[in-house]
Structures are given as structure tokens and as C-alpha cells.
Number of protein chains: 2
Amino acid sequence: MATGKKYTIGKLSELSGCVIQTIRYYEQISLLPEPDRSPRGHRLYNNDLLARLKFILRLRQLGYNLEKTRDLLNIVDGGKYTCQQIKKKTLQHAQTIHDKITDLKKIETELLKMAAQCNDDKGRDCSILDSLFHT
Amino acid sequence: MATGKKYTIGKLSELSGCVIQTIRYYEQISLLPEPDRSPRGHRLYNNDLLARLKFILRLRQLGYNLEKTRDLLNIVDGGKYTCQQIKKKTLQHAQTIHDKITDLKKIETELLKMAAQCNDDKGRDCSILDSLFHT
DNA sequence: CTTGCACCTATAGTTACTATAGCATGTATA
DNA sequence: TATACATGCTATAGTAACTATAGGTGCAAG
């Protein structure tokens, strides 16, 4: 099997949906390895790097921050993991997401409660501002 | 009715629960006005400023960013608002919180679905990584 | 007298990008 | 042949909302 296809950064951007600056940024912080370069000095990517970038983007979509993303990449790169470990980490992350949801729900409830107390007046006597000022 | 009590920034920090640096930061970005100064140049706050700071902190707790916070402060400062307006803004903000909750719930569902597909194996054949790599 | 405390200013660091300036090179067109 | 355009490059600054640090002042207690 010959060497696979090579993409410029523009093509990688197109294929991954990730803007060029972010790709370079991920390289800078070593989430992506330094790719080959053309004689002109342009970055050349292959399918492996495309897959790695997509993996990173998927984790970001799922709310992993870059540190957690790096952590997972290291584990996968090292090859010394068990499916159990990955599951545990996944559930831990799900829990942090769940905690955020809980916080936001509390906030939503408070906001709706405040809004419901409003007499919908055209005046300046505002129960919302009152409760904002006295809590 | 004599002039009210004056607090140093340390006291204001204690009374409000806001750290000193943040108080100075809010002053720097003009969320808080420049307070009086002692002969030594130390900031001196009064109850009005304490109330204003608490109001800001409350909005921050409720998920308002500084721009939205500033917006509300301007409205209150201007005095030209109706209770209706405030209610509308409150409900709009509640909606953005709700949207965040919706996003996070989607993420949580996906994470739990992935975790549920895991065979809990001690091996390296991991369905979670598979789905992460192929989505 | 010197140690400690509370305050001061100005500046840099954090996260995860995003945008800009200024440059090189290859291709398409006038 | 000249020039414009596209694509790439590096380095640096800006964003949000703080947080932390360095270096300095002045007062009071031991």
C-alpha cells in the first residue's frame, strides 16, 4: 500500500470543519504532532492526522476541555488502557456535565420565579429588581 | 442622618464575599464608580456601593455576563425603565440559560449512551473509543 | 527599629481560541 | 511580462472574567 493522500492545511480544514488557525493552535500546544512539510514549508497532513483532529473535535463537542482531551489522547497514544478505564472517565465527565445542568436548572428556576412575581406594570416599582437587590 | 459608614476595600470584600482584586477590577471596567479615598489614597466605600456590588454579584450568580450586567445597571441607573422591560429581559436571559441546559442534556445523553455500550472489558477493544472515532 | 499588616499600582497569566500584520510563493489573467 | 489572487507561513495581540504577582507606601505593635 503506497503512501496515503496528503492534504494541505486548507484541505484539512475543509475535511474536518475546523478553522485553520485552530489547527495550527492545536499543533502549537502539542495536541496535534508537527506534520510533514512541503518543500515550500507548507504543512502536509495524512488520514491519521485527520482522524486525530476529528477525535479532538468530537471530544470538544462533548464538552471536554483541552486538558481532558489531552489526557484522553495520551491514554490512547500510550495504548495502555482498558475499556473499563475509558468507561470510568466517560462517566466522570458525564457527571461534571450533569453538575452543570443542575446548576443551570437552579438558576433557571430562580429567574422564572422572579419573572412570575412581576406585576407586569408600566411603572418603575419592580419586584424583580427588588428581589435582585435583596438577596 | 449623618454620613453613613465608610468601609475599606477589605471590609467591603468581607461584607460582600467578593475578593479585593475583583472589586478593583469592577471599578476598572466602570461597573463600580470610583469611590472616595482616604488621605492615604485608600478606597472608602459606603452602603450604596455595597448594595451595588451585591447586585452585580447576584446577577453573576444568575449567569449574567458582565455585558448583560452592565446593561441592567445602566437601565437601573438611568431610572427610565418599566417593570415590563425588566421582566422581558429576565425572561430572555432565562431562555439563554434554558438553551445551555438543552445543549448539555444532549451531551449528557450521548455520553451515557456511549458508556452503556461499553462491555466493561479489561481489554483494549473499546466501543467508546470506537464511537468517538467514527462520529 | 524592624516586623507585619492592609492598602496601593501596574502588569502578566489563565482558557480556547480568533484576528491581524506582514511576508513568501505559485497560478491565472491582461 | 506584469500583476492580481489564492494559499500558505510566522509572530503577535485581542477576547472574557477574573486571578496572581511584583514592588511600593504608611502606620502600629513589639
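The analysis underlying the following values was restricted to heavy atoms, covering all of them including side chains, and did not include hydrogens, waters or symmetry mates. Here is how names work: the chains are called A, B, and so on, in the same order as the sequence lines, proteins then strands, and each is numbered from 1.
Contact annotation: A:R40 does not reach the phosphate of D:dC9 (side-chain N/O to OP1 or OP2, under 4.0 Å). At the phosphate of C:dT18, OP1 or OP2 sits under 4.0 Å from a side-chain N or O atom of A:T22. For C:dC17, one of the phosphate oxygens OP1 or OP2 lies less than 4.0 angstrom from a side-chain nitrogen or oxygen of A:Y26. Residue B:T8 places none of its side-chain N or O atoms closer than 4.0 Å to OP1 or OP2 of C:dA6.
Within the nucleic acid shown, A:I9 comes within 4.0 Å of sugar-phosphate atoms alone, with no base atom in reach, counting heavy atoms only. Within the nucleic acid shown, A:I20 comes within 4.0 Å of sugar-phosphate atoms alone, with no base atom in reach, counting heavy atoms only. Across all strands, A:S38 comes closer than 4.0 Å to no nucleic acid atom at all (heavy-atom distances). Using a 4.0 Å heavy-atom distance criterion, A:Y64 is classed as making no nucleic acid contact. Here B:R24 lies in heavy-atom contact (under 4.0 Å) with a base.
Electrostatic pairing of B:E110 and B:K105 does not count as a salt bridge here, judged by no charged N lying under 4.0 Å from a carboxylate O. Salt-bridge check for A:D77 with A:R52: passed, with a basic side-chain N closer than 4.0 Å to an acidic carboxylate O. One finds no salt bridge joining B:E34 and B:R43 here, because no Lys/Arg side-chain nitrogen approaches an Asp/Glu carboxylate oxygen to under 4.0 Å. Of the charged side-chain nitrogens involved, none lies within less than 4.0 Å of a carboxylate oxygen, so that A:K113 and A:E108 do not count as a salt-bridged pair.
To the nearest angstrom, P of D:dT10 lies 17 Å from OH of A:Y25. As a whole-Å value, the separation of B:Q28 CD from D:dT19 P is 14 Å. B:I56 has its CD1 atom 10 Å from the P atom of D:dC18, to the nearest Å. Separating the CZ atom of A:R70 from the P atom of C:dC17 is a distance of 12 Å, rounded to the nearest angstrom. Remark: C1' of D:dA6 and CD of A:E14 are 14 Å apart, rounded to the nearest angstrom. Following rounding to the nearest Å, B:K68 (NZ) and D:dA16 (P) show an atom-to-atom distance of 14 Å. Atom CG of B:D36 and atom C1' of C:dC7 are 16 Å apart (whole Å). For A:L32 and C:dA16, the CG to P distance is 15 Å, given to the nearest whole Å.
Heavy-atom nearest nucleotides on DNA chain C were determined for A:R60 and for A:H42, and the one closer to the 5' end corresponds to A:R60. Toward the 5′ end of DNA chain D lies the nearest nucleotide of A:R43, the other residue of the pair B:N65 and A:R43 mapping further downstream.
Residues B:L132 and A:F55 are in side-chain contact: their nearest non-hydrogen atoms beyond the backbone lie under 4.5 Å apart.
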